[in-house]
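First the structure, in the form of structure tokens, and then the observations on it.
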Amino acid sequence: MPFTLLKLADAYGIKVEYWDFQPPLEAVYWFSPGLPPVIGLANSLFENRRYFRCVLAEELGHHFTTVGEAVPKMFYRYGDRLDISKAEHRAMVWAAKYLMPADRLLGALSFGIVEQWELADYFEVTEDMVRFRMGLWDMRQICLAG
């Protein structure tokens with residue numbers, strides 16, 4: 001399914017480039033008015049397909065949820081840091097819901113796919129992504145409803 005994510009990027013005119021980033025940097029989303037948005041991904045992400053999918057989806061999440069500039073800077077105020085954290089969270093929520101839609105997640109659960117590793121296998125995501133998705137408000141509400 002990375003191809004689906006790449007097709008989505010292409011459909012929205014987002015250029016996906018691959019670079020040799022210095023760790024811990026693995027990916028960036030950048031846009032500037034008048035220029036096509038760009039997602040930069042570390043070449044090292046090719047080593048783990050599931051992680052690649054999660055990182056690419058999170059960067060696409062920036063495109064669909066981030067308004068304005070949320071790129072970390074060397075010198076910023078506390079308010080800027082909060083804005084960046086909120087933007088990162090919104091992008092992660094978008095990624096989790098895109099990769100693990102509620103209807104498919106409920107279907108998997110109803111078929112007895114309930115362990116984190118099983119859900120990670122089923123959706124081709126990391127177990128961290130499964131934990132994050134299960135903690136989102138919509139899933140908590142569904143679980144509480146029974």
Side-chain angles (χ1 to χ4, degrees), residues 1-76 79-111 113-143:
M1 181 154 149
F3 299 114
T4 303
L5 294 167
L6 292 170
K7 282 183 179 180
L8 181 63
D10 189 55
Y12 282 86
I14 303 166
K15 295 177 68 175
V16 178
E17 304 281 341
Y18 303 94
W19 290 305
D20 288 321
F21 288 126
Q22 291 295 320
L25 184 61
E26 295 180 313
V28 295
Y29 171 77
W30 181 83
F31 86 98
S32 183
L35 296 173
V38 176
I39 291 175
L41 298 172
N43 285 315
S44 61
L45 292 171
F46 286 109
E47 297 170 9
N48 184 327
R49 179 184 166 95
R50 292 178 186 192
Y51 190 60
F52 179 99
R53 293 182 72 241
C54 293
V55 172
L56 177 55
E58 194 265 347
E59 295 305 325
L60 284 168
H62 282 292
H63 179 77
F64 294 112
T65 64
T66 302
V67 177
E69 187 179 349
V71 176
K73 301 173 185 100
M74 184 175 285
F75 302 103
Y76 51 81
D80 294 335
R81 178 72 187 141
L82 288 177
D83 289 343
I84 291 168
S85 294
K86 289 176 187 174
E88 291 296 327
H89 184 77
R90 282 193 303 270
M92 189 70 172
V93 168
W94 186 93
K97 288 183 174 181
Y98 183 84
L99 294 172
M100 302 176 69
D103 59 335
R104 287 193 59 216
L105 183 52
L106 290 174
L109 293 170
S110 71
F111 283 118
I113 302 171
V114 295
E115 298 293 335
Q116 285 182 11
W117 65 269
E118 291 175 315
L119 290 166
D121 283 352
Y122 184 78
F123 287 102
E124 291 188 78
V125 298
T126 64
E127 289 187 37
D128 287 339
M129 180 61 80
V130 172
R131 280 189 290 278
F132 183 82
R133 180 65 179 102
M134 296 304 288
L136 292 180
W137 187 82
D138 63 334
M139 292 311 298
R140 287 194 311 252
Q141 291 300 108
I142 290 168
C143 291

- Query: If we only count heavy atoms from C-beta on, is the Phe111 to Tyr122 side-chain gap below 4.5 Å?
  - Reply: no
- Note on the structure: On a heavy-atom basis, the closest approach of Arg133 and Ala96 is CD-O, 3.4 Å
- Message: Strictly below 4.0 Å, N to O, side chains only: are Arg49 and Glu124 in salt-bridge contact?
- Response: yes
- Query: Got a second to check how far Thr65's OG1 is from Glu58's CD, nearest 0.5 Å?
  - Reply: 8.5 Å
Side-chain donor/acceptor pairs under 3.5 Å, residues 125-132, sequence neighbours excluded:
from	atom 1	to	atom 2	distance (Å)
Thr126	OG1	Met129	N	3.1
Asp128	OD1	Arg131	NH2	2.3
Arg131	NH1	Gln116	OE1	2.6

- Task: Would you indicate whether the side-chain heavy atoms of Leu99 and Cys54 approach each other to under 4.5 Å?
- Result: yes
- Query: Between the side chain of Arg53 and the main-chain N/O of Phe123, is any donor-acceptor distance below 3.5 Å?
  - Reply: yes
- Quick one: does Leu8's side chain get under 4.5 Å of Tyr98's, heavy atoms only? yes
- Query: Is there a side-chain contact (heavy atoms from CB on, under 4.5 Å) between Val38 and Ile14 once you walk through the steps?
  - Reply: CA-CA 6 Å; Val38 176; Ile14 303 166; over 6 Å; no
- Query: Using the ring of each side chain (for Trp, its six-membered ring), is Tyr29 parallel, tilted or perpendicular to His63, with breaks at 30° and 60°?
  - Reply: perpendicular
- Query: Between the main-chain N or O of Val114 and the side-chain N or O of Glu118, is there a donor-acceptor pair closer than 3.5 Å?
  - Reply: yes
- Task: Kindly assign one of parallel, tilted or perpendicular to the pair Phe21 and Trp19, based on the angle between their ring planes and the thresholds 30° and 60°.
- Result: perpendicular
- Nearest atoms (heavy-atom pairs only) where Pro36 meets Gly13: CB-O, 3.7 Å
- Message: Lys97 vs Asp138, test: side-chain contact (heavy atoms from CB on, under 4.5 Å). Steps then yes/no.
- Response: CA-CA 10 Å; Lys97 288 183 174 181; Asp138 63 334; 3.9 Å; yes
- Task: Decide side-chain contact (heavy atoms from CB on, under 4.5 Å) for Ile39 and Val28; before the verdict, give the C-alpha distance in whole Å, the side-chain angles of both, and the deciding distance to 0.1 Å.
- Result: CA-CA 6 Å; Ile39 291 175; Val28 295; over 6 Å; no
- Task: Would you mind reporting whether Leu105 and Leu119 have side-chain heavy atoms less than 4.5 Å apart?
- Result: yes
- Note on the structure: Smallest heavy-atom separation, Leu60 atom then Leu5 atom, equals CD1-O, 3.6 Å
- Enter the distance from Trp137:CH2 to Gln141:CD here, rounded to the nearest 0.5 Å. 4.0 Å
- Side chain proximity check, Arg90 to His62, heavy atoms < 4.5 angstrom: no
- Query: Under the salt bridge (charged side-chain N to carboxylate O under 4.0 Å, His left out) rule, what pairs show up with a residue in residues 16-28, not counting sequence neighbours?
  - Reply: Lys15-Glu17
- Given side chains that start at C-beta, do those of Met139 and Leu106 come closer than 4.5 Å, heavy atoms only? yes
- Message: Any heavy-atom pair between the side chains of Met134 and Leu109 that's under 4.5 Å?
- Response: yes
- Task: Decide yes or no for Leu6 and Leu56: does some side-chain heavy atom of the first lie under 4.5 Å from some side-chain heavy atom of the second?
- Result: yes
- Whether Phe52 and Tyr18 hold their rings parallel, tilted or perpendicular, with breakpoints at 30° and 60°: parallel
